[in-house]
Number of protein chains: 2
Amino acid sequence: MAVNQTAQKILIVAQKNLQQKGFNGFSYRDLAQEIGIKTSSIHYYFPTKDDLALALVTAYHEAFKIELAKISSEDGTRLHLERYAKLFEDNLAVDNKFCLCGMLASEVNSLSDRVKQAIQRFFTDNELWLSQLIADGQSNGSFKTINSPDLVAAQLLATFEGAMLIARSAEKDSVLKFRLVVQGAIESLC
Amino acid sequence: MAVNQTAQKILIVAQKNLQQKGFNGFSYRDLAQEIGIKTSSIHYYFPTKDDLALALVTAYHEAFKIELAKISSEDGTRLHLERYAKLFEDNLAVDNKFCLCGMLASEVNSLSDRVKQAIQRFFTDNELWLSQLIADGQSNGSFKTINSPDLVAAQLLATFEGAMLIARSAEKDSVLKFRLVVQGAIESLC
DNA sequence: GTCTATAACTCGATAGAC
DNA sequence: GTCTATCGAGTTATAGAC
């Protein structure tokens, strides 16, 4: 797990570039210039751009898992959903970034199978977590929706991803627009 | 309005490429080879890639307006919403394409201001149309939601765009997955 | 590990013949 | 209107010096 310091810098800058401009929207040169190293150094750690993409999805997914576990360990049901939405909002709030996996999902036809599968795992993991949350909320009376937890989960994830996508294109007050849609979606469950 | 035959071919092939691979995911060379002409011929009709993108958004938006008018002229309220969702589903059904404006929205940081604004107009137009539909449905009792039509409209558009994005990455049964989420979203309004 | 240098190719775009 | 030819710059990626 202990990753080299340069590799870390690369991952951080690459993540930002990917979430802002997409997989086909940045180059090794962009990263190298921003970090202050040469492109060959990036290739040393991530031989191909596909390797870099996979590392980014993996790291993003892992970080997400940790946050989800944190949320689950706390009290509240509706609050969980709001904290969950906040994870996405944070991307938007700093540099108007899109969800890393949402971005790659839009470029799915330019990606290798292994990256594609890593994105699918991110989405299914999120739907699974949300589904469990919905089921719990239905049990304890927090959510009044009678639809199947799986369906509501898929709906929520779609709404959140779509809300980011559209809010981001508005550019101005994108966080506010995202928050409105999210609050509306949560409201209609309670 | 009468557009040259070659220009038409370019627009058709470019639209497919854009919806499949994104603005940064295809080149003039790709289009030229698929059509059977030279890249310089494309530059003759669309001097820059930005010109091409703007033409594509404009054409896509115009086609959408015509379809929305058709739907509005028919009977039904909930049915309108289902026909509306079908417009998006049709993209998914053939070659697993994403919404053209959804795709460009993800790449918003690589686009010129005029293209960005054209995308924003597409989204606001859609939200306006949906908002009117929701308001009508609330009046005639088709929709039981008491939220503001504007909010519900923004929510629906986000859900549909996000559902396309995620379903597309699943690749298998993507239409089915999209349909499930859409039906769930419509259901919860009635 | 990081660099220089470079290969091999693709990109958007333009000039000018036909 | 479509072509050939080409420019200048960008792309991913690698070989080899230090």
Side-chain angles (χ1 to χ4, degrees), chain A residues 1-57 103-104 107-116, chain B residues 1-57 103-104 106-116 118:
Chain A
M1 260 300 97
V3 187
N4 178 284
Q5 209 168 5
T6 304
Q8 275 294 356
K9 277 190 210 166
I10 295 168
L11 285 172
I12 290 168
V13 174
Q15 179 179 352
K16 192 191 74 180
N17 273 265
L18 177 56
Q19 292 188 245
Q20 282 183 328
K21 299 180 286 184
F23 183 73
N24 292 322
F26 76 92
S27 69
Y28 272 38
R29 194 197 193 200
D30 296 329
L31 306 183
Q33 284 181 343
E34 195 170 335
I35 300 170
I37 56 176
K38 299 295 169 180
T39 60
S40 49
S41 294
I42 306 180
H43 280 289
Y44 174 78
Y45 293 102
F46 306 99
T48 71
K49 210 179 172 184
D50 187 69
D51 293 323
L52 179 57
L54 186 64
L56 288 170
V57 176
M103 182 65 88
L104 287 176
E107 300 177 289
V108 80
N109 286 325
S110 308
L111 304 176
S112 68
D113 282 343
R114 60 181 192 154
V115 174
K116 217 180 298 185
Chain B
M1 261 300 102
V3 187
N4 178 286
Q5 208 169 8
T6 303
Q8 275 294 354
K9 278 190 209 167
I10 295 168
L11 285 171
I12 291 168
V13 174
Q15 181 180 351
K16 192 191 74 179
N17 273 265
L18 177 56
Q19 292 188 245
Q20 282 183 328
K21 299 181 286 184
F23 183 73
N24 291 323
F26 76 92
S27 69
Y28 272 39
R29 196 197 192 200
D30 295 329
L31 307 184
Q33 284 180 343
E34 196 169 334
I35 301 170
I37 56 176
K38 300 295 168 181
T39 61
S40 48
S41 294
I42 305 180
H43 280 290
Y44 174 77
Y45 293 103
F46 307 98
T48 70
K49 209 179 174 184
D50 187 70
D51 294 323
L52 179 58
L54 186 63
L56 287 170
V57 176
M103 182 64 88
L104 287 176
S106 76
E107 299 177 289
V108 80
N109 286 325
S110 308
L111 303 176
S112 68
D113 282 343
R114 59 181 193 155
V115 173
K116 217 179 298 185

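As a basis for the values below, the full set of heavy atoms in this structure was taken, side chains included, without hydrogen atoms, waters or symmetry mates. Per chain, numbering begins at 1; letters A, B, ... match sequence-line order.
- Side-chain contact check for A:Glu34 and A:Asn17: at least one donor-acceptor pair (N or O, by modelled atom type) lies under 3.5 Å.
- Considering only side-chain atoms of A:Ser40, the nucleotide from D:dA15, D:dT12, C:dA13 that sits closest is D:dA15.
- When each of C:dG12, C:dT2, D:dT2 is scored by its nearest atom to the side-chain atoms of A:Ser41, the top-ranked nucleotide is C:dT2.
- In this entry the distance linking NZ of A:Lys49 with P of C:dT10 reads 16 Å, nearest Å.
- One interatomic measurement links the two molecules: CG of B:Leu52 to P of C:dA13, which rounds to 10 Å at whole-angstrom precision.
- In this structure, A:Asp50 atom CG and D:dA13 atom P are separated by 9 Å, rounded to whole Å.
- Between B:Leu111 and B:Val115, the closest heavy-atom pair is CD1-CG1, 4.0 Å.
- Put simply, OH on A:Tyr28 is 21 Å from P on C:dA8, counting in whole angstrom units.
- Side-chain to base pairing of A:Ser27 with D:dT12: no donor and acceptor N or O lie closer than 3.5 Å to each other.
- The distance from atom CG of A:Leu31 to atom P of D:dT12 is 9 Å, rounded to the nearest whole Å.
- The nucleotide whose nearest atom lies closest to any side-chain atom of B:His43 is, among C:dT2, C:dG12, D:dC3, C:dG12.
- Contact check, B:Lys38 against D:dC3: no side-chain N or O comes under 4.0 Å of OP1 or OP2.
- Note on B:Tyr44: a base of the nucleic acid sits closer than 4.0 angstrom, heavy atoms only.
- Regarding contacts with the backbone of D:dT12, every side-chain N or O of A:Arg29 stays at 4.0 angstrom or more from both OP1 and OP2.
- Between A:Tyr45 and A:Thr39, it is A:Tyr45 whose nearest contact on DNA chain C lies nearer the 5' terminus.
- Atom pair A:Asp51:CG and D:dT14:C1' shows a separation of 14 Å (rounding to whole Å applied).
- Counting all heavy atoms, side chain and backbone alike, A:Asn24 lies closest to B:Gly25 at ND2-CA, 3.7 Å.
- Between the C1' atom of C:dG1 and the CD atom of A:Gln8 lies a distance of 16 Å, rounded to the nearest Å.
- B:Thr6 has a side-chain polar atom (N or O) that falls below the 4.0 Å cut-off from OP1 or OP2 of D:dT2.
- In this structure, A:Ile10 and A:Leu52 have side chains that are in contact, with non-hydrogen atoms separated by less than 4.5 Å.
- In this structure, B:Gln20 and A:Asn109 approach most closely via the heavy-atom pair O-ND2, 2.8 Å.
- If you check every strand for non-hydrogen atoms under 4.0 Å, A:Phe46 touches nothing.
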